[in-house]
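Values below: all heavy atoms of this structure, side chains included; hydrogens, waters and symmetry mates excluded. Below, chain A is the first sequence line, B the second, and so on; all start at residue 1.
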Amino acid sequence: MLLKLLKYDFRAMWKQFSLIWGAALVLALVNRFTLFRDIGYDIISNSSLLTLAFMGVVIAMIVLSVSFVADRFSKGLLGSEGYLMHTLPVWPWQLVASKLICGVVTWMISGAVAFVSPFLMAPMDWSILMEFGFWRDIMRGLTQRPDTLLLLFEFCLMVVAVMLQFIASIYLALSIGHLLPRYRRLGSVASFIGLYILLVNLYSRVFSAHVVRALLDVTTSNVYGSLLTAIATLLIPAALFLAAVCWILNHKLNLE
Amino acid sequence: MDWKLEDDRPIWTQLTEQLKRRIIAGVYPPGSKLPPVRELAAEAGVNPNTMQRALAQLEQDGLARADRTAGRLVTQDAEALEAVRTAQARVIVQRYLNEMAELGYSREEAGLLPQKEETI
Amino acid sequence: MSDYLIQCRGLYKSYGLRPALRGVDLAVGPGRIVGLLGPNGSGKTTLIKLLCGLIQPTTGTLAVDGSAIGPYTKSMVSYLPDRMYFASWMKAVDLFDLFRDFYADFEYEKAIDMCRSLGVEPRDRLKAMSKGTKEKVQLVLVMARSARLYLLDEPIAGVDPAARDFILRTILTNYNEEGTVLISTHLISDVEKVLDEAIFLKEGKIMLHETVDNIREKEGKSVDALFREIFRAEPMEGGGF
């Protein structure tokens with residue numbers, strides 16, 4: 001059932017994002033051929049307008065990604081589309097999981113697009129990618145220090161954990177707002193701020209100077225361990241938040 | 001023939017009456033197959049359970065019988081059909097006489113009137 | 001399996017301080033068409049939403065086919081809400097796909113056939129459809145399932161009398177005969193003929209739960225007339241005359 005929900009959520013996501021991702025990449029490519037050719041000749045040229053357009057698209061993409069996550073949850077599960085979703089024969093946690101996975105993937109792709117497009121824009125010689133030597137050097141580097149890959153992997157995990165925590169906070173804030181009889185939007189914003197104050201307080205209290213020192217001791221001996229600890233500290237509150245979201249959807253759902 | 005339903009009586013009894021009238025009028029000839037419950041119900045715009053009850057009554061009155069393969073068949077028993085026809089006719093006559101009495105006609109006058117009407 | 005398809009005990013629901021249902025006890029068997037009748041604000045929609053799990057009771061219990069509301073009961077309930085629930089980017093066929101994915105009892109071909117007979121083009125974008133057409137799509141989604149329990153919230157409010165007949169006929173010719181249909185409405189004279197049972201709701205309580213035949217036999221009047229008598233004191237609010 002979760003897979004079927006994902007199929008539906010990803011289709012909705014694709015309808016909304018295919019255009020903006022495409023636009024970002026296309027504008028980046030166009031810039032590549034106009035921007036660096038014109039340099040030094042005409043500063044206020046088409047190319048700078050195009051650069052502006054590109055930056056606009058990237059900013060729009062970021063804004064859209066954040067609002068997409070909030071929107072899919074509040075409209076899809078707490079709004080009129082919830083009439084459809086909550087009458088499907090699935091558990092509330094499946095609905096939440098599907099939205100969550102879709103949200104994380106959306107952010108990752110948006111991040112990737114934002115990350116890749118400057119490279120597309122730069123006047124790089126792409127033929128280098130086709131050369132054997134380039135890849136051989138990379139492979140050699142990796143085999144000499146295999147732990148780099150692991151570190152990279154852990155770093156990616158941490159980025160995902162950050163996203164999960166952020167999305168979980170959004171979901172919980174929206175769910176708390178949903179509990180109110182009125183001013184739900186305001187309540188959601190307030191509880192989002194409240195949740196972050198809570199998190200910061202929690203972290204500052206748990207990670208007192210003493211604990212940080214202890215952690216640093218571990219860190220010096222093992223960098224992987226410290227990254228994993230960081231991931232765990234991000235994921236534990238995220239998991240608690242999501243559990244609270246599921247509880248609210250299970251017991252307090254109020255589609256009036 | 002339209003299905004007419006009044007407000008003050010159970011619907012199923014009215015449906016039985018109207019089914020009988022249709023059988024006598026030859027809408028459903030003797031020995032023919034009656035439409036399925038669902039179809040009849042949709043046609044009359046009533047609940048299938050109600051139509052089912054009306055049809056059960058029809059069977060009880062000997063005007064239809066359930067056949068395992070063919071569904072529900074209108075009876076071929078001429079006597080039964082005739083009995084229903086007379087009963088219905090009697091109801092109409094009674095109503096006619098009652099209304100004529102209200103207009104001040106005696107039974108005899110009321111009885112003669114239809115013949116006059118024919119000759120006009 | 002349970003003898004009763006719907007069972008409610010001491011059902012109480014309030015929105016904030018405002019009570020919507022005040023102690024409802026109800027048992028409805030399978031294979032019935034039941035009218036949930038009452039003026040606006042009497043708790044009809046609340047009861048239906050409780051049965052499909054869109055809201056939770058404040059106190060009391062309810063069960064569908066002997067089970068608490070959950071994925072199992074939702075798999076056999078077909079719900080027609082009192083509003084549109086579509087995402088606007090979809091086409092009718094996208095929704096049919098969705099329903100086929102999630103409900104084992106959804107018949108895709110039947111849905112397409114019903115669209116044809118209702119004059120709806122299933123490949124049209126929902127965004128481009130008129131309100132009436134969207135309502136038809138929603139009706140198709142609900143009636144193309146052979147569900148155990150159909151919950152129809154005001155299916156005939158806000159449409160003209162011809163469309164009303166049409167909708168009722170669609171319901172009558174398409175519902176699963178072993179299933180129970182619960183229709184909420186305040187337009188009683190229109191649905192009276194199709195009902196087995198009538199439930200009168202007044203201010204969140206059940207005033208009367210009786211078969212339509214019994215009401216007519218005992219009272220010598222139609223359900224509609226009886227309804228008008230019981231609710232005479234209250235100003236009726238019509239929905240879209």
Side-chain angles (χ1 to χ4, degrees), chain B residues 1-23 27-28 33-61 63-64 66-73 87 91 94-95 98-99, chain C residues 28-35 114 117 143 146 150 152 156 161-183 187-198 210-229:
Chain B
M1 234 182 244
D2 271 349
W3 298 88
K4 283 192 206 99
L5 298 169
E6 285 153 21
D7 277 350
D8 50 354
R9 291 179 301 141
I11 293 163
W12 68 274
T13 54
Q14 301 184 48
L15 290 175
T16 313
E17 286 164 18
Q18 301 201 18
L19 283 167
K20 283 181 184 171
R21 200 173 306 153
R22 283 165 174 235
I23 288 172
V27 179
Y28 310 130
K33 195 181 146 208
L34 281 170
V37 180
R38 232 181 145 99
E39 202 173 293
L40 281 173
E43 200 187 307
V46 299
N47 184 313
N49 291 329
T50 314
M51 186 55 84
Q52 180 67 40
R53 195 168 170 189
L55 287 165
Q57 184 62 42
L58 209 62
E59 280 175 29
Q60 213 160 40
D61 294 349
L63 282 180
D67 186 287
R68 207 165 287 167
T69 49
R72 206 176 256 103
L73 300 174
V91 170
Q94 199 55 53
R95 192 165 58 213
N98 285 346
E99 285 184 22
Chain C
V28 176
R32 317 286 287 165
I33 300 184
V34 183
M114 281 175 78
S117 72
M143 297 316 299
S146 49
Y150 299 86
L152 313 178
I156 55 167
R164 241 170 249 173
D165 269 3
F166 187 74
I167 289 169
L168 286 176
R169 209 144 289 198
T170 307
I171 293 169
L172 275 180
T173 44
N174 289 292
Y175 84 102
N176 162 26
E177 266 169 284
E178 280 84 52
T180 282
V181 185
L182 189 66
I183 304 177
L187 303 168
I188 294 151
S189 58
D190 290 304
V191 298
E192 177 163 358
K193 289 188 297 179
V194 311
L195 301 179
D196 284 302
E197 300 171 23
E210 189 57 271
T211 66
V212 170
D213 282 339
N214 277 354
I215 290 175
R216 285 180 169 230
E217 221 150 349
K218 274 190 213 152
E219 309 280 337
K221 59 177 82 120
S222 67
V223 176
D224 187 36
L226 182 66
F227 181 86
R228 279 166 203 273
E229 214 164 87

[X] portion near chain C, given a 4.5 angstrom heavy-atom threshold:
| X | value |
| --- | --- |
| B:Gln52 | neither |
| B:Ile11 | both |
| B:Ala42 | both |
| B:Glu6 | backbone |

Taking the side chain as C-beta and beyond, is there a heavy-atom pair between C:Thr180 and C:Tyr175 under 4.5 Å? no

Considering only heavy atoms from C-beta outward, does the side chain of B:Leu34 approach that of B:Leu73 to under 4.5 Å? no

Between B:Asn49, B:Thr13, B:Leu5, which shows the greatest number of heavy-atom pairs under 4.5 Å with chain C? B:Asn49

Which distance, rounded to the nearest 0.5 Å, do you find between the CZ of C:Arg216 and the OG of C:Ser222? 6.0 Å

To the nearest 0.5 angstrom, please state how far the CZ atom of B:Arg53 sits from the CG atom of B:Leu15. 11.0 Å

Proximity breakdown for C:Ile33 and chain B, heavy-atom pairs closer than 4.5 Å: both

Answer yes or no: is there a donor N or O on one side and an acceptor on the other, between the side chain of C:Glu210 and the main chain of C:Ala198, under 3.5 Å? no

